[in-house]
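Worksheet: the structure to be examined is printed underneath.
Note that these values count all heavy atoms, side chains included, but never hydrogens, waters or copies made by symmetry. Just so we're on the same page: letters track the sequence lines, and every chain starts at 1.
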Amino acid sequence: MTNPATMKIGYPCINSSISRNAPSTFKLASYSESKLVKTVKNNLIYLKNLLRYNVKNNLLFFRISSDLVPFASHPVCKFPWYIFFQAELEQIGDYIKKHDIRISMHPDQFVVLNSPNEMIVQNSFNELIYHCKILDTMRLDETAKVQIHVGGVYGNKLEAIGRFIKTYNKSLKLLEGSIKSRLVIENDDHLYSIKDCLCIHQQTGIPIVFDSFHHECFGDNTEVLIRDPLNMIIFTWKKNKDGLPMVDYSSQDIVTTSNNSHLLFRKGKHTATIDLISFKKFLKQTEGLDFDIMLEIKDKEKSALKALDLVRKKYRHFVSAG
DNA sequence: GACTGTCAAGACCGT
DNA sequence: ACGGTCTTGACAGTC
């Protein structure tokens, strides 16, 4: 049985029921140190409010926004924000640890470790260093992960995978911070499948995040199995070191087409809110497997609350017994 | 106040 | 070689 006492439910980056009192970022052209300090200060206040909301509502898995410190990995930023805001970051870290909140971060598509272009790889390193610096300064352990996609294919997937493995095994450990121990890879929707990620795992030991939506989109799957691939990635996580496996979940937007009477998936589109019938099916298919789940759905915390409610009802006997 | 173009960054695809 | 698209929110400028 999936254990509702350990499974954590969360959502990424923003919460639509918590208002902001100031801009979260600004344009590069208007960069200044004072603007950066002001913005980060506000972002940290927002993050604290958001975490308090999450604790109050039992949403104990959260993805911290990559925009916490705007332009942190850009050459324009020489400001040692991690020293300036050290006390506040530590304080947030203490709160996270106190309430046992699971944390992840997800750098944008610009992190491409297997690019043939050295500059792009270097920029990717800088971006990873930035992400880890946040988690390190918060003094979070290795269960707080930074998830990325494998990258491009460049006409030869085998070579591209080879470059990824070489970079991971040789270069990443030379970088500062906890990058190598925090990095995890996620299957994407058209280039690297779970199978491809497993191939990389075999030669690196990198844990794999299972994205159910990308898995459904990948290739021409007519009948998509969830349980088998999920079962395979679970063993890529070392429970004591990495924590529970992470799963990204979102539901397909189903649309009708004019020239076809069947309902078709429009690949890559997310629904506005969680489809509880699909989610129920997902829970049924994954019964007995232990993981934390991140709901990547437009209305963020609202869907997470609906999902939590469903899980609680489904496992009422467990919760009341435990 | 509403609307719209634009934003640091990459890869891929069709033309 | 080049522009559009992916995806996406929110800033910033315009009316």
Roughly how many Å apart are [M] and [N], using the [atom1] atom of each and rounding to a whole number?
N	M	atom1	answer
B/dG14	C/dT7	P	16 Å
C/dT8	B/dC3	P	22 Å
C/dG13	B/dA8	P	12 Å

How many whole angstroms separate atom [atom1] of [X] from atom [atom2] of [N]?
X	N	atom1	atom2	result
A/Leu36	C/dC11	CG	C1'	16 Å
A/Lys27	B/dT4	NZ	P	16 Å
A/Phe26	C/dG9	CZ	C1'	16 Å
A/Tyr46	C/dG9	OH	P	12 Å
A/Tyr31	C/dA12	OH	P	15 Å
A/Asp67	B/dA9	CG	C1'	12 Å
A/Asn15	C/dG9	CG	C1'	15 Å
A/Asp108	C/dC6	CG	P	16 Å

A/Lys298 side chain near C/dG9 phosphate (N/O to OP1/OP2, under 4.0 Å): yes
Does a side-chain N or O from A/Thr25 land closer than 4.0 Å to OP1 or OP2 of C/dG9, or not? no
Relative to the ring of A/His106, is the ring of A/His149 parallel (under 30°), tilted (30 to 60°) or perpendicular (over 60°)? tilted
Would you call the rings of A/His74 and A/Phe71 parallel, tilted or perpendicular if under 30° counts as parallel and over 60° as perpendicular? perpendicular
Decide whether a cation-pi geometry holds between A/Lys133 and A/Tyr82; the criteria are a distance under 6.0 Å from NZ or CZ to the six-membered ring centre and an angle within 45° of the ring axis. yes
Under 3.5 Å donor-acceptor pair, A/Ser30 side-chain atoms to C/dA12 base atoms: no
Pairing partner of C/dA12, by Watson-Crick or G-U wobble and under 3.5 Å for both distances, is B/dT4
Taking a pair as Watson-Crick or G-U wobble with both distances under 3.5 Å, which nucleotide is matched to C/dA1? B/dT15
Within the side chain of A/Arg163, is there an N or O that forms a donor-acceptor pair under 3.5 Å with the backbone of A/Asn114? yes
Would you check if A/Leu295 and A/Phe279 make a side-chain contact, meaning some heavy-atom pair closer than 4.5 Å? yes
Under 3.5 Å, which donor-acceptor pairs do the side chains of residues 19-28 of chain A form with other protein atoms, sequence neighbours left out?
from, atom 1, to, atom 2, distance (Å)
A/Arg20, NH1, A/Asn43, OD1, 3.3

Considering all heavy atoms of both residues, which atom of A/Met105 and which atom of A/Ile134 are nearest to each other, and what is their separation? CE-CD1, 3.9 Å
If the sugar-phosphate is the primed atoms plus P, OP1 and OP2 and the base is the rest, what is the B/S/- string for nucleotides 10-15 of chain B, using protein heavy atoms under 4.0 Å? BSS---
